[in-house]
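First up is the structure itself, then whatever we jot down about it.
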Amino acid sequence: MASIGTSAAPRPAAGLDRPGPEAAQAEPDWRSGGGGDGRLRLRTVVTLRWLLIGLESLALAAGWATGFEAPYPLCAAVIGATLWINILTGVSSPGQRVCSVWEATAHLSLDIVQIAALVFFTGGVVNPFVLLLIAPVTLGAATLPRTPVLVLGALACVASVLLALLLWPHGAAQVALSHRALAAVANVAGVALIAGCVRQAAEESTRMALALDVTQAVLAREQRLSALGALAAAAAHELGTPLATIAIVAKELGREAPTASVKEDADLLVAQADRCREILRRLTETPDASDEVHERMSLRQLVHEVIEPHAGAKGVRVEAIVTGAAGVKAPDIWRMPEILHALTSFVENAVDFASSEVLVTARFDAEGVSMEVRDDGPGFSAEVLAKLGEPYVTTRPGAEGSRTGHIGMGLGFFIAKTLLERTGAVVAFQNGRPHGAVVSARWPRTKIEVGGR
C-alpha cells in the first residue's frame, strides 16, 4: 500500500455538480422552447396532409357506399379546398425548406379546422374520426416550441367542445347531450395526454442530444491535450541526441575559435543548446513514467495526475492510496483522456463539498481495477441520489461558494459517467458512512491494462 501526495500548482479541470436537497434542473435556452425551435419541414406537412386527405376520402366513400346519411357535396368541397391548398403549398416552396414556427402552426391549425368541419358534417363529436384532431397537436408537440403547442391544443379542445354543442341535422341530433359531453371530454383528455407524452419525450430527447454533444466536445478536447502531451514527450526524446551533438560541436568551435567574437558565438550556441535540453527535460519529467511515448502509465502515476490539480485546495487535504491483492502484479494501463478527465472532475467535485479531506483510492486484483473518490462532506441527498448521471442536475450556488471557482451547468456527472462507461467501467454513486459521498468506477483488467486489448 502506498500513499501519494503532491504539491503541484492546480490546473483547471472540468467540474461536477453535487445534487443536494434543493436540487434544481438547469434551464437551458431550448427548454422554454421545448422540443425544438420549429424544425418541421414543408415536405413533411404536405405529405401528412396528403395522407389525411386520402384517409378522409376513403372514409366518405365507405359512408356513401353503406348508406350513411351526410351532406356529401359539402364534405367533398372541404376536401377539395384542402387538396388545392396542399397543391399550392407544395409547388410554392422547396419541400426541404424548414417552416418557421408560426408558419408550421398555421398549417397545423388549418388541418385541425378542416378535420373539425368534416366531423361536424358527419355526426359531430360522436363520430369516431374526431380522434384525428389529436394528430396535428401531436405533431406540433414533437417539433414546435411550447407556446404554439398550447395554441394548437387549445384549438383542438375548443373544436371538440363546439362539436358537442353545435349539431348538423344528421345523426348527432339523436344523441343525448350528456353522451356528447362525455365524448368531448374524452377527446380533450386524449389531446392533452398524447400531446403531453410526446412533448415530454421530445424534450428528453433534445436534452440528451445536447448533453451528448457537450460530452463529445469534452472528449475531443481531452484527446487533443493527450495527443499534445504525447507529441511533446516524443519530441523531447527525439531531439535529445541532435542537441547533444550541437553542444559538442559548439564547444569544439569555441576551443578553436580564431577570434574573441567567434568564441562568444560558440559559447552562446552551447548555452542555448543547454537551455533547450533543460526545457525538454522538464517536458519529460513525469513521476514513475516507464515509457518514452506517453501512451501508458502506472496506477501510481494515474492517481498522481488525478489529484495533482487539487493538491493546493485551501482547507482540504487531498490524498491518494494505491493498493492491490497479495501476489498480484500492479497493472500498467493505457493513458486514456476519458479516464483522466472524468476522475479529475470527480475529485474537483469532492474538493468543493468536502469538509477537510478527499481520499482517492486505486485498487487492483487479478480480475479488475477500481478507482474510488471519497470525501467527508454532507454526501448526496437521498431524494436525488437516483438522478445522478442524468444531465442538467446541479446545486452549485456560484463561484463564490466553490473552492475551485467552478460554476456548473449540471453536466459534470453525466459527462464523467458517460466517458468512463465508454472505457468499459461500471460507475456507482453512493453515500459513505457515517457521512460523505463516494464515487467509484471498476474496469475489467482487459479493458484498460496494457496488452489487455
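From a predicted model like this one, the values you see are computed outputs, not experimental measurements. In what follows, residues are counted from 1 in the order of the sequence shown.
- Counting only heavy atoms from C-beta outward, the side chains of Glu372 and Val360 never approach each other to under 4.5 Å.
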*Please step through side chain to side chain contact (heavy atoms under 4.5 Å, CB included) for the pair Val126 and Arg180, ending with a clear verdict.*
CA-CA 6 Å; Val126 295; Arg180 299 199 306 270; 4.2 Å; yes
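- Side-chain contact check for Leu48 versus Leu51: some heavy-atom pair is nearer than 4.5 Å.
- Side chains of Leu131 and Ile134 form a contact here, defined as non-hydrogen atoms less than 4.5 Å apart.
- Minimum interatomic distance between Leu163 and Ala116 (heavy atoms only, all atoms of both residues): CD2-O, 3.5 Å.
- The backbone N or O of Gly63 sits less than 3.5 Å from a side-chain atom of Thr66, completing a donor-acceptor pair.
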*Kindly indicate, with the supporting measurements, whether the criterion side chain to side chain contact (heavy atoms under 4.5 Å, CB included) is fulfilled by Asp111 and Leu108.*
CA-CA 5 Å; Asp111 292 334; Leu108 297 177; 4.2 Å; yes
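- With contacts defined as side-chain heavy-atom distances shorter than 4.5 Å, the pair Ser160/Leu133 qualifies.
- The side-chain heavy atoms of Leu340 and Glu305, taken from C-beta on, include a pair separated by under 4.5 Å.
- Remark: Trp64 CH2 is loosely packed, at most 12 non-hydrogen atoms of other residues, nucleotides or ligands lying under 6.0 Å away.
- Of the possible polar contacts, none joining the Asp375 side chain to the Val358 backbone as a donor-acceptor pair under 3.5 Å is found.
- Between Val149 and Ala141, the closest heavy-atom pair is CG2-CA, 3.7 Å.
- Closest of all the heavy-atom pairs between Arg146 and Arg199 is N-NH2, 3.1 Å.
- Distance check, rounded to the nearest 0.5 Å: CG of Leu118 to CG of Leu60 gives 6.0 Å.
- We find the CD-CG distance between Gln114 and Asn86 to be 10.0 Å, quoted to the nearest 0.5 Å.
- Distance alone, capped at 3.5 Å, is enough to place a donor-acceptor pair between the Arg445 side chain and the Asp365 backbone.
- Put simply, the side chain of Asn431 never gets that close to the backbone of Gly379: no donor and acceptor are under 3.5 Å apart.
- For Thr423, the side-chain contact (heavy atoms from CB on, under 4.5 Å) partners are Met336, Glu338, Ile339, Ala425, Trp443, not counting sequence neighbours.
- Taking 4.5 Å as the limit, every side-chain heavy atom of Thr105 sits out of range of all side-chain heavy atoms of Cys99.
- Ser92 contributes a side-chain N or O that, together with a main-chain N or O of Thr89, makes up a donor-acceptor pair within less than 3.5 Å.
- The CG atom of Asp332 sits 12.0 Å away from the CZ atom of Arg300 when rounded to the nearest 0.5 Å.
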*I would like to know whether Met371 and Leu302 meet side chain to side chain contact (heavy atoms under 4.5 Å, CB included); could you show each step before the answer?*
CA-CA 10 Å; Met371 294 286 296; Leu302 171 63; 4.1 Å; yes
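- Using a distance-only test at 3.5 Å, with no hydrogens or angles considered, a donor-acceptor pair links the side chain of Asp376 to the main chain of Glu357.
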*asked:* Pair Val438, Val373 - check side chain to side chain contact (heavy atoms under 4.5 Å, CB included), show working.
replied: CA-CA 6 Å; Val438 180; Val373 179; over 6 Å; no
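- One finds the CD1 atom of Ile115 at 5.0 Å from the CG atom of Leu132 (value rounded to the nearest 0.5 Å).
- Atoms OG and CD, on Ser440 and Gln430 in that order, are 6.0 Å from each other to the nearest 0.5 Å.
- In this structure the side chain of Ile87 reaches within 4.5 angstrom of the side chain of Trp50, judged on heavy atoms.
- Taking each heavy atom of His310 and Thr344 in turn, the nearest pair found is NE2-O, 3.3 Å.
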_Quick one, Thr122 with Asn127, criterion side-chain hydrogen bond (donor to acceptor under 3.5 Å, both in side chains). Give me CA distance, side-chain angles, the key distance, then yes/no._
CA-CA 7 Å; Thr122 56; Asn127 185 337; 2.8 Å; yes
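- Between the side chain of Tyr72 and the backbone N or O of Ala61 there is no donor-acceptor pair closer than 3.5 Å.
- Here the closest heavy-atom approach between residue Pro145 and residue Pro148 is recorded as O-CD, 3.3 Å.
- With rounding to the nearest 0.5 angstrom, the CG atom of Leu420 is 5.5 Å from the CG atom of Leu343.
- Between Lys329 and Glu449 there is no salt bridge, since none of the side-chain N atoms of the basic residue sits less than 4.0 Å from a carboxylate O of the acidic one.
- Ser57 approaches Ile79 most closely through the heavy-atom pair OG-CG2, 3.9 Å.
- The shortest distance between side-chain heavy atoms of Val119 and Val125 does not fall below 4.5 Å.
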